[in-house]
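Only a predicted model underlies this, so the values are computations on that prediction, with no experimental measurement involved. Note that these values count all heavy atoms, side chains included, but never hydrogens, waters or copies made by symmetry.
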Amino acid sequence: MSDNVKSSTEFKPYVPADKVMPEITITSIIVGVLMAMVFGAANAYIGLRVGMTISASIPAAVISMGIIRGILKRDSILENNMVQTIGSAGESLAAGAIFTLPALFIWSQELGMTPPTMLNIIVLALVGGILGVFLMLPLRKALIVNEHGVLPYPEGTACAEVLMAGEKGGNQAKTVFQGLGIGSLFKFITDGIKLFPSEIEYGLKGYKGAAIGMDTLPALLGVGFIVGPNISAYMLSGAVLGWFVIIPLMTHLGQFIPDIIYPATDPLSQLGYWDIWSNYLRYMGAGAVAFGGIFSLVKSLPLIFRTFKEALGGLKESRGTSGNIRTDEDMSGKIAIIGIIAVIIFIASTSIIPVGLAGAIIIAVFGFFFATVSARLVGLVGSSNNPVSGMTIATLLITSAIFKAIGFDGEAGMIGALSVGTVICIISAMAGDMSQDLKTGFLVGATPKKQQYGEIIGVVASGLVIGYVLALLNKAWGFGSAELPAPQATLMKLVIEGVMSGNLPWVLVFAGVGIGVVVELLGIQVLPFAVGLYLPIHLSTPIMVGGVLRGLLERKKGDEVTIRKKVDSGVLYSSGLIAGEGLIGILLAIFAIIPAGVTAAGDPRTLGDAIAFGNNVLGQWGSLIFFALLCITLIKRSFWLKTDKE
């Protein structure tokens with residue numbers, strides 16, 4: 001540990017400790033809160049649709065530089081860093097919330113449970129976010145400072161590099177805004193005006209039950225480019241197994257089986273491929289996803305326990321050290337301890353979070369453990385490999401079993417278990433994100449205390465908005481629908497139902513677990529494969545297109561620095577595509593619930609119906625052509641990008 005301490009004390013940040021620059025200002029707070037809301041809402045929509053979210057740190061940083069440096073002519077890297085800190089906090093809270101909370105809405109539709117109130121959602125989100133911030137506070141010196149040179153924190157380091165290349169921020173911001181504009185326009189034309197369908201589909205003749213489809217949407221193309229060819233291929237391979245093997249096989253066997261097979265309500269012979277996907281394949285996919293999440297956690301157990309032990313050791317060493325210099329100032333430890341105790345007491349005593357004393361104790365224990373694990377784990381493997389879903393599933397299994405054993409079961413027990421899982425999921429996501437932000441701040445020379453306050457601002461901004469976003473999306477399309485499958489939340493729902501009632505098609509779930517085992521033995525990443533198996537193939541195909549483009553660019557011959565710049569530009573443009581579609585998705589959800597008179601037949605009409613005057617006149621071929629044009633815009637911002645060396 002002494003070597004690490006030595007290297008950290010010798011480290012000189014980009015902005016020296018004795019230099020004071022604007023940091024947490026009215027401008028950075030306003031822009032940061034806007035980023036938290038924008039990327040939080042966009043991530044909620046995209047995550048509920050495809051089961052993946054994007055990091056907002058770098059897009060928020062470059063947009064901040066475009067606004068603060070380019071428009072307002074202010075020159076402070078620390079102000080830009082504060083914007084990305086606030087913005088990414090909002091995005092990570094939203095990501096944690098959508099993994100669990102939609103299950104409450106699905107239960108209200110399927111089981112007639114009382115739907116969650118806005119107060120329930122807001123308080124759950126705020127409690128999880130604030131605990132995530134407070135639990136991370138005492139870990140900063142142990143993980144960020146003492147482990148400098150040992151823990152790379154890839155996303156935090158990359159964001160610092162973007163900020164330190166601030167003189168190019170205007171061009172980078174322009175790239176993000178271009179992607180946002182194109183993504184917004186494309187989404188509005190296809191799903192707003194409905195000039196052409198956003199989903200195309202072809203049933204394979206001669207192979208009954210098999211189908212290939214594609215959602216021709218900008219966010220999916222962007223997700224594919226960001227995650228790259230390998231993850232995209234794993235997703236598509238899972239979809240191919242489902243839509244080219246399992247569904248056609250069940251369709252064929254259905255000709256000889258006249259009986260109804262649970263959970264469907266019609267004979268197999270009468271079911272089309274969408275019915276088979278909905279009634280059978282989704283449960284297999286859920287089993288595979290559950291196995292992938294838990295197995296990723298199990299594989300990480302040696303690292304997790306070592307991490308926890310070392311983090312506590314580092315915490316013990318750094319205890320009592322006071323930051324006499326600006327870059328070593330933390331929020332008061334007393335505030336953190338008092339805050340944690342107050343929040344846990346509040347959880348135990350309030351009916352707004354219906355978990356009782358047992359649930360509050362579970363949150364305190366698991367929250368501290370997983371916050372520590374998450375904060376150090378992302379330093380080694382990055383946020384994208386942080387097994388948050390595995391942590392949440394493990395929490396739900398243990399919590400549901402404890403609640404059932406003490407008689408806290410039925411509807412109240414299910415809601416209580418999910419509430420515990422929600423708080424733990426948000427804590428884990430927040431701790432991982434906050435550690436990346438603090439690493440960025442450590443490298444650029446930010447003031448930790450101000451960043452920690454910035455995290456709280458981001459949490460509050462996103463926490464107050466996320467409930468309205470979820471309620472809006474549910475009212476417009478419904479969670480669990482083809483528009484918003486909400487894969488993680490549906491999985492969490494199944495886990496609780498399985499422990500509490502046992503009323504699940506376990507054969508299908510364990511078949512999915514078996515598929516996951518086979519995939520793992522083959523050396524393939526289980527989670528992306530399982531998500532591809534769970535979701536319709538229509539989502540995996542456009543993601544694969546984006547992944548192929550990224551792969552071709554990375555394999556292109558040429559100067560490595562030039563290729564890296566082109567890839568980075570493509571990633572920024574893709575982030576804009578995702579944010580643009582997400583924002584228009586939210587806007588269309590608003591239109592879908594605003595009344596606009598009645599039709600000629602006397603049926604109620606919404607504003608969404610009123611603007612959809614295109615009637616998909618260009619058809620599926622028009623959709624393919626426009627998607628190809630969208631791909632060309634991405635190629636222009638990556639392959640054809642002019643760099644200094646060209």
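The closest side-chain donor-acceptor pair between Glu483 and Tyr45 falls under 3.5 angstrom. A donor and an acceptor atom, one from each side chain of Ser623 and Thr216, are located under 3.5 Å apart. For the residue pair Asn230/Gln525, the side-chain donor-acceptor check at 3.5 Å is not satisfied. Side-chain atoms of Asp215 and Ser198 include no donor-acceptor pair closer than 3.5 Å.
Considering all non-hydrogen atoms of both residues, Gln620 and Glu199 come closest at OE1-O, 4.4 Å. Pairing each heavy atom of Phe479 with each of Leu48, the nearest pair is CE2-CD1, 3.5 Å. Nearest approach of Gly458 to Ala36, heavy atoms of both residues: O-CB, 4.3 Å.
Residue Ser481 holds its OG atom at 8.5 Å from CD of Gln109, rounded to the nearest 0.5 Å. From Met284, atom CE reaches atom CD1 of Ile246 across 5.0 Å, with rounding to the nearest 0.5 Å. Ile276 contributes atom CD1, which lies 9.5 Å from atom CH2 of Trp243 (distance to the nearest 0.5 angstrom). Between Leu217 atom CG and Lys187 atom NZ the span is 5.0 Å, to the nearest 0.5 Å. Between the CG atom in Leu220 and the OG1 atom in Thr541 there is a gap of 8.0 Å [rounded to 0.5 Å]. Put simply, CG on Leu553 and CG on Leu634 are 9.0 Å apart, with the number rounded to the nearest 0.5 Å.
For the pair Thr392/Phe99, no side-chain contact is recorded, criterion being any heavy-atom separation below 4.5 Å from C-beta on. Contact annotation: the side chain of Val517 never approaches that of Phe295 to less than 4.5 Å [non-hydrogen atoms, C-beta and beyond].
Counting non-hydrogen atoms of neighbouring residues, nucleotides and ligands closer than 6.0 angstrom, the OH atom of Tyr202 exceeds 12 such neighbours.
Outside the 6.0 Å centre-distance limit, the rings of Phe177 and Tyr573 are not counted as a close aromatic pair. Ring to ring, Tyr234 and Phe529 are not that close: their centroids are 6.0 angstrom or more apart.
Ion pairing between a basic and an acidic side chain is recognised when a charged N comes within 4.0 Å of a carboxylate O; Asp609 and Arg605 show no such pairing. Ion pairing of Glu497 with Lys493 is present here, as a side-chain N (NZ or NE/NH1/NH2) and a carboxylate O approach within less than 4.0 Å.
Between Trp277 and Trp274, the ring planes lie perpendicular to each other; the angle is over 60°, past the 30° to 60° tilted range.
Ile247 pairs with exactly one of Asp275, Leu281, Ile537 by the side chain to side chain contact (heavy atoms under 4.5 Å, CB included) rule, that one being Leu281.
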